[in-house]
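Working notes for the structure below.
None of these values were measured; they are calculated from a predicted model. Quick note on labels: first sequence line is chain A, next is B, and so on, each numbered from 1. Just the heavy atoms: all of them, side chains too, but no hydrogens, waters or symmetry mates, feed the values below.
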Amino acid sequence: MTEDWTAARFAALGTTAVVAVAAPDVLDEARAAVEAVIAAVDIACSRFRDDSELMGVNRARGRTTPVSPTLHEALRVALWAAAVTDGLVDPTVGEAVRLLGYDRDFGAIARLGPPLPTRVVKVPGWQAVRLDDCPPAVTVPAGVQLDLGATAKAWCADRAADAAATATGQGVLVSLGGDIAVAGPAPADGWVVQLADRHDAPADGSGPCVAITVGGLATSSTAARRWWRGSSALHHIVDPGTGSVAEPCWRTVSVAAASSADANAAATAAIILGPAAPSWLAGQGLVARLVGEDGTIETVGGWPADRPEPAPAGRRPA
Amino acid sequence: VTTPRTTPATLAPAVQTPVPVPTRRHPAAVSGGS
């Protein structure tokens with residue numbers, strides 16, 4: 001079937017970016033607009049570039065640091081996410097994440113390693129961060145390391161989709177590592193998004209698919225960015241309450257919301273929240289699909305049921 | 001000075017609920033963990 005969109009895929013922010021447009025002739029223009037936003041966010045927010053603004057903030061040892069409008073907005077979003085999730089998604093987990101072994105671009109992390117020494121890490125808490133508006137500046141207590149990994153990518157997808165839609169006047173979908181934002185007029189039947197544990201799964205329609213026309217859709221999963229230290233399986237979603245990886249409960253949570261930033265904050269919080277996540281998501285008025293560690297699926301807020309799996313060839317349904 | 005600026009502290013729900021699509025439509029992207 002001929003689709004009413006065309007797309008480009010490229011590496012960005014340590015993951016994969018997808019730019020899809022509803023009008024094929026504007027793909028190059030849309031991609032250029034997206035890449036410009038990504039470049040600005042990367043130099044502002046990367047934890048893996050010595051020359052990033054964020055690394056300068058983390059080296060400031062308690063001094064107030066002037067920040068660019070881009071980093072200021074990224075910090076504002078990170079602190080908003082912390083507030084709205086009651087601290088479940090907290091940018092001050094940087095040191096805890098580093099001690100778990102996630103101290104460089106994920107592609108450079110050894111997947112296997114010796115057991116980690118037992119350490120109790122107190123996550124300082126987002127309230128310790130002071131963000132000034134005029135002039136834009138941030139003050140982080142000495143010893144606190146900020147990590148915007150839980151919010152910056154989805155927020156970047158929102159900005160990039162808006163920028164590309166404005167530049168082209170056409171409908172655009174942007175995915176950054178599976179955090180998806182759409183802007184402008186959608187294709188006639190919406191943007192089709194496949195759901196999976198990992199964003200690098202083949203986009204072949206083999207998994208459940210939904211269509212969205214506005215806002216964002218984001219998925220958090222403990223099945224991605226995993227590594228092992230001794231017999232402990234680690235992943236990138238850290239519970240600020242313990243300073244360690246979130247306890248197993250939900251393997252993958254997808255949320256649709258008004259923006260990718262909203263959706264991603266909720267999905268990550270749900271992973272950390274565990275058994276209470278469905279009621280929390282419902283209380284927020286969100287729609288979500290949660291996959292348990294055993295593969296069982298729970299939906300919230302009217303998220304559609306997965307279509308039935310096709311019967312194996314040669315067999316009829318009972 | 002604002003310390004910190006986080007209002008409004010709410011998550012904005014989707015304007016439209018995602019709708020299921022038939023298998024023959026090819027997805028534009030995959031939403032999964034990264």
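- Per-residue counts of heavy-atom pairs under 4.5 Å with chain B were compared for A:Gly177, A:Ser220, A:Ala20; the largest is that of A:Gly177.
- With a threshold of 4.5 angstrom between heavy atoms, A:Thr252 does not approach chain B through any atom at all.
- Side-chain atoms of A:Thr64 never come within 3.5 Å of backbone atoms of A:Val138 as a donor-acceptor pair (strictly under, hydrogens ignored).
- For A:Val287, the part lying near chain B is the side chain, with the backbone staying farther off; criterion is any non-hydrogen pair under 4.5 Å.
- Residue A:Pro187 does not touch chain B at all, counting heavy-atom pairs closer than 4.5 Å.
- Contact of A:Ala256 with chain B is made through backbone and side chain together, with heavy-atom distances under 4.5 Å.
- For A:Leu195, the parts lying under 4.5 angstrom from a heavy atom of chain B are both the backbone and the side chain.
- Contacts with chain B were tallied for A:Leu75, A:Val193, A:Val255, A:Val253; A:Val193 has the most, counting heavy-atom pairs under 4.5 Å.
- At a threshold of 4.0 Å, the pair A:Asp133-A:Arg76 does not count as salt-bridged, since none of the basic side-chain nitrogens sits closer than that to a carboxylate oxygen.
- Residues B:Val15 and A:Thr213 have side chains not in contact (no heavy-atom distance under 4.5 Å, counting atoms from C-beta outward).
- Counting heavy atoms from C-beta on, the side chains of A:Val140 and A:Arg130 never come closer than 4.5 Å.
- The residue from B:Val30, B:Val19, B:Val21 that alone fulfils the side chain to side chain contact (heavy atoms under 4.5 Å, CB included) condition with A:Cys209 is B:Val21.
- Counting heavy-atom pairs closer than 4.5 Å to chain B, the top residue among A:Thr6, A:Thr219, A:Leu176 is A:Thr219.
- The candidate from A:Gly301, A:Ala211, A:Gly215 with the greatest count of non-hydrogen atom pairs under 4.5 Å with chain B is A:Ala211.
- Both the backbone and the side chain of A:Leu217 have a heavy atom closer than 4.5 Å to some heavy atom of chain B.
- Heavy-atom pairs under 4.5 Å with chain B were tallied for A:Asp197, A:Thr139, A:Val18; the largest tally goes to A:Asp197.
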*asked:* Show, in sequence, the C-alpha distance, side-chain angles and deciding distance for A:Val174 and A:Val172, and conclude whether the side chain to side chain contact (heavy atoms under 4.5 Å, CB included) test is met.
replied: CA-CA 7 Å; A:Val174 173; A:Val172 178; 3.9 Å; yes
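- Side chain to side chain, A:Lys153 and B:Ser34 meet the donor-acceptor criterion of an N or O pair below 3.5 Å.
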